[in-house]
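From a predicted model like this one, the values you see are computed outputs, not experimental measurements. Numbers restart at 1 for each chain; the letters A, B, ... are given by sequence-line order, proteins then strands.
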There are 2 protein chains.
Amino acid sequence: MPLPAAFIAELSALLGDGWRVDPATREAHASDDSRGHQPPEAVALPSTREQVQAIVRACRAHHIPIVARGAGTATTGAAVPVSGGIALSFSRMNRILDIRPEDRCVVVEPGVRNGDLQAALHAHGVFWPPDPSSFESCTVGGNLATNAGGPRAVKYGATRDNVLGVVAVTGAGELIRAGGAYTKCSSGYDLTHLLIGSEGTLALIVEATLKLVPHPHAQAGLRAFYRDASAAAAAVSRLMAQPVQPAMLEFMDKRSLALLRHNGSAVPDAGAMLLIEADGSVDGLPDTLAALGAAAEGDGLIDMDVAQDGIARDTLWAARRALSPALRTIAPGKLNEDVVVPVSRIPDLVAGVEQLSADYALPIVCFGHAGNGNLHVNILYHPDDPGETARANNALPEIFKLALSLGGALSGEHGIGLAKRDFMPQAFDAATLATMQAIKHALDPDGILNPGKVLPEDCQAKC
Amino acid sequence: MPLPAAFIAELSALLGDGWRVDPATREAHASDDSRGHQPPEAVALPSTREQVQAIVRACRAHHIPIVARGAGTATTGAAVPVSGGIALSFSRMNRILDIRPEDRCVVVEPGVRNGDLQAALHAHGVFWPPDPSSFESCTVGGNLATNAGGPRAVKYGATRDNVLGVVAVTGAGELIRAGGAYTKCSSGYDLTHLLIGSEGTLALIVEATLKLVPHPHAQAGLRAFYRDASAAAAAVSRLMAQPVQPAMLEFMDKRSLALLRHNGSAVPDAGAMLLIEADGSVDGLPDTLAALGAAAEGDGLIDMDVAQDGIARDTLWAARRALSPALRTIAPGKLNEDVVVPVSRIPDLVAGVEQLSADYALPIVCFGHAGNGNLHVNILYHPDDPGETARANNALPEIFKLALSLGGALSGEHGIGLAKRDFMPQAFDAATLATMQAIKHALDPDGILNPGKVLPEDCQAKC
């Protein structure tokens, strides 16, 4: 539906060269890292929160959808403007406003890239824990919208655990402020955490106060190889049940290891691997590493080695990060989901996925954040093969069904977006979905913020 | 207003001996640890979530207020039935349903006492971090309602940071489920954290999945004495800016120390004290303690000693816990607030409080959770002295104004309840309060859950 002339005139006057209707700019805001594609009618590039507020109010007056956008690295279609309307890019609101190491926090605009923020924090001896594999390109705003995680979450928490406050514009066009530069609060409703992970459907975050953690003085990694996934999963349970917290605890299945070998890594032919990272003080690190190593030992352990120096560690983690793109060398098509299960159910999840791989005659590669029970399950297929494509699409709901049957959730860090929206009624009963919808209605009464995302359509229609 | 006969008949049939209208039972549910007092018209003691749901639905049909209640240790009037209606006590829903150390979580009913839960967890080598000083009597449900904290929050977080999921009955009488036995989730709106700290005004939590932490193998404490509060506050900043996390970091001002001495503790005549606790592995603890000790050193440090063994530590902490009741020995009246400020602003808070103490000619004692910037500010007065009472009541808003002017919040762990409700418009702008009110309306459309609490009255009237 084309935009009304009065609306175009208003936003053009408001934003100047921050208002774009040219096809190239629209096309550049049509996709994220999912398979979805739909150019917005226009792209708004506000520079201030006042402009964001004015945009939302104008959209509300004209019933025009707004899809907020960071770097477009979402894997779920959350940033695809499937209902038309405008894309609102935060690329011009990318300032780091106040680094406060003495209060262990930093105040930022949403458009700053995660990697740029970490670089700026480095000199102050602190970091912001969320470390998605896209950290070099993704923005903090996108991290907030999806409750992004990464390997460090096992020790330091995901995004929601690392935000102290937000300033945001609701779908009603109101500027709200929640939380602040303090780590403890019992003063009214927790709007901060409600907005984290809401994928731009409740409010647009225009400023966030992020919790910082001092850099550990020393880090070291262990690689432990196991006979099979079940032995590795048992080790994960042992590691999580003892008091020394790993700084990362990553799992890779047999197929992931084959991929690493294929890419030139010196990896033995094992059934599964754990990457275990320790951090702490220089003097304390050997004890920490010894405690983690002792917990990693047990039935089915084939081999374990230590990557003490930075270079070995970096190689190790570079290989881990390269895994996701490397999957394309097995098959060009990939359905990548990031289900979560209780840590004790990882063996059942891995066994269930292996069974699905056999049932649907497709390679399925599992790796990820085992310490959080959050595994990336990648169904690989050739999109030009209709049989494989159909089997992949049929296998996907079975993965979700499996995770939910084990007491888990649809997504640990990617979010729901469009891709998993229709599975929400399997994950939540009608009363809970209706409560989510009531909250959506409370913050976005006209449903203009990222319509069609997160909540299933029949639930949205009832609103 | 007396309860309708039809309603009484319905609840009496539903609850049997769990329905009480006798004056003694009503009187026993009239107060909390604030100065408020108002007996409910009746007390409901449900044993199941189905009963809770039926009670809420009956109350909704008859527009009868429900005040949920744990042990009644709230300091804010949150559990006082000021609007009449019924008190709903969770004392019969006090089971520990499932201890799952391998998933680092436990599933409980709300009526279980914090101390009883910790005792049951002990054998499994795990604990639940929230440790309010009332832990022996307060319930988990009350902890959830107020986002309770305690000394351990500096390292392990407050209640909101340690809840993975809830099952709850909304004010609409619907049973909702959010979160579960996993530590990472990006699947729909975060209802779990929204309910924590909402003081029974949005929904009644009937089951919670709590995050557990393995017991550290070793603990030790440091006592550091400083020339003045400002020197101690500077040490707090140094302690929080280095990577070794204290397990507790408590502050006591000059008056608190005088009180300890008066009670027989061997405490030097210093301007302020920090209690610093380290925890970790047996082998790693000396390094941890050394790092904390080094950070505690600096200008104004008078003396520092180590309490290595358990008995010394326990004595230390018992003295800390005895402080709050001991205040009554100075004056029988006490206005106890628990404001929060950014850690770097603690010196300004303490200096500001000292100024208010002089201005209003009343002793004001400050102590508390310095690592979180969360200090208990106790205005002491004689209630039978009208002049002192008036000055105490006039000083209170100035304390809040001070905390807010330093970028802080009204409460870190006690909540708002009735006592701080009228200060909410100073802490939040109208748009943010209206958004909270819209959420209240979404979950409790008829306003039957704990009416008159948390949100200011004119905000509630607009609903």
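Heavy-atom distances place the side chain of B:A158, and not its backbone, under 4.5 Å from chain A. Heavy-atom distances place the side chain of B:L191, and not its backbone, under 4.5 Å from chain A. The part of B:L239 that comes within reach of chain A is its backbone (N, CA, C, O), which places non-hydrogen atoms under 4.5 angstrom from that chain. Only the backbone of B:H414 comes within contact range of chain A, with at least one heavy atom under 4.5 Å from a heavy atom of that chain. Heavy atoms of A:D190 lying under 4.5 Å from chain B belong to its backbone as well as its side chain. Using a 4.5 Å cut-off between heavy atoms, B:R238 makes no contact with chain A at all. Residue contact with chain A, scored on non-hydrogen atoms closer than 4.5 Å, involves the side chain of B:L443 exclusively. Using a 4.5 Å cut-off between heavy atoms, B:N372 touches chain A through backbone and side chain atoms alike. For B:F428, the part lying near chain A is the side chain, with the backbone staying farther off; criterion is any non-hydrogen pair under 4.5 Å. Interface residue B:T435: only side-chain heavy atoms are found under 4.5 Å from chain A. Residue B:T170 touches chain A through its side chain alone, counting heavy-atom pairs closer than 4.5 Å. Only the backbone of B:Q242 has a heavy atom closer than 4.5 Å to any heavy atom of chain A. Only the side chain of B:A153 comes within less than 4.5 Å of a heavy atom in chain A; its backbone stays farther off. Only the backbone of A:V341 comes within contact range of chain B, with heavy atoms under 4.5 Å apart.
Minimum interatomic distance between B:E174 and A:A431 (heavy atoms only, all atoms of both residues): OE1-CB, 3.6 Å. Summarising the geometry of A:R177 relative to B:D429, their closest heavy-atom pair is CD-OD2, 3.6 Å, with the distance given to 0.1 Å. The two residues A:M436 and B:Y189 have their closest heavy-atom pair at O-CE1, 3.3 Å.
In terms of heavy-atom pairs under 4.5 Å with chain B, the best-connected choice from A:G197, A:C105, A:A442, A:P342 is A:P342. Listed options B:G412, B:A438, B:G415, B:P214 were ranked by heavy-atom pairs under 4.5 angstrom with chain A; first place goes to B:G412. Ranked by heavy-atom pairs shorter than 4.5 Å toward chain B, the options A:G373, A:G188, A:G284, A:S344 are led by A:S344. Ranking B:G280, B:G179, B:A181 against chain A, the residue ahead of the rest is B:A181, based on heavy-atom pairs under 4.5 Å. By number of non-hydrogen pairs under 4.5 angstrom with chain B, the leading residue of A:G407, A:S237, A:A427, A:G408 is A:G408. Of the listed residues (B:E102, B:Q245, B:R160), the one with the most heavy-atom contacts under 4.5 Å to chain A is B:R160. Between chain B and the residues A:I196, A:T201, A:V126, the largest count of heavy-atom pairs under 4.5 Å involves A:T201. Here A:R104 is the residue among A:E413, A:H193, A:R104, A:K420 with the most heavy-atom pairs under 4.5 Å with chain B. Among the candidates A:D161, A:L194, A:V244, A:L202, the residue making the largest number of heavy-atom pairs closer than 4.5 Å to chain B is A:L202.
In this structure, the side chain of A:T432 does not engage the main chain of B:I176 through any donor-acceptor pair within 3.5 Å. Between the B:S187 side chain and the A:S411 main chain, a donor and an acceptor come within less than 3.5 Å of each other. Remark: side-chain polar atoms of A:S186 are paired, donor with acceptor, to backbone N or O of B:T146 under 3.5 angstrom. Formation of a donor-acceptor pair under 3.5 Å by the B:N147 side chain with backbone atoms of A:C185 is found in this model.
Interatomic distance, B:H441 NE2 to A:H441 NE2, rounded to the nearest 0.5 Å: 8.5 Å.
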* Would you please test A:T183 and B:V154 for side-chain contact (heavy atoms from CB on, under 4.5 Å) and show each step? => CA-CA 8 Å; A:T183 51; B:V154 67; over 6 Å; no
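Annotation: A:R49, atom CZ; neighbour count of heavy atoms from other residues, nucleotides and ligands within 6.0 Å is above 12.
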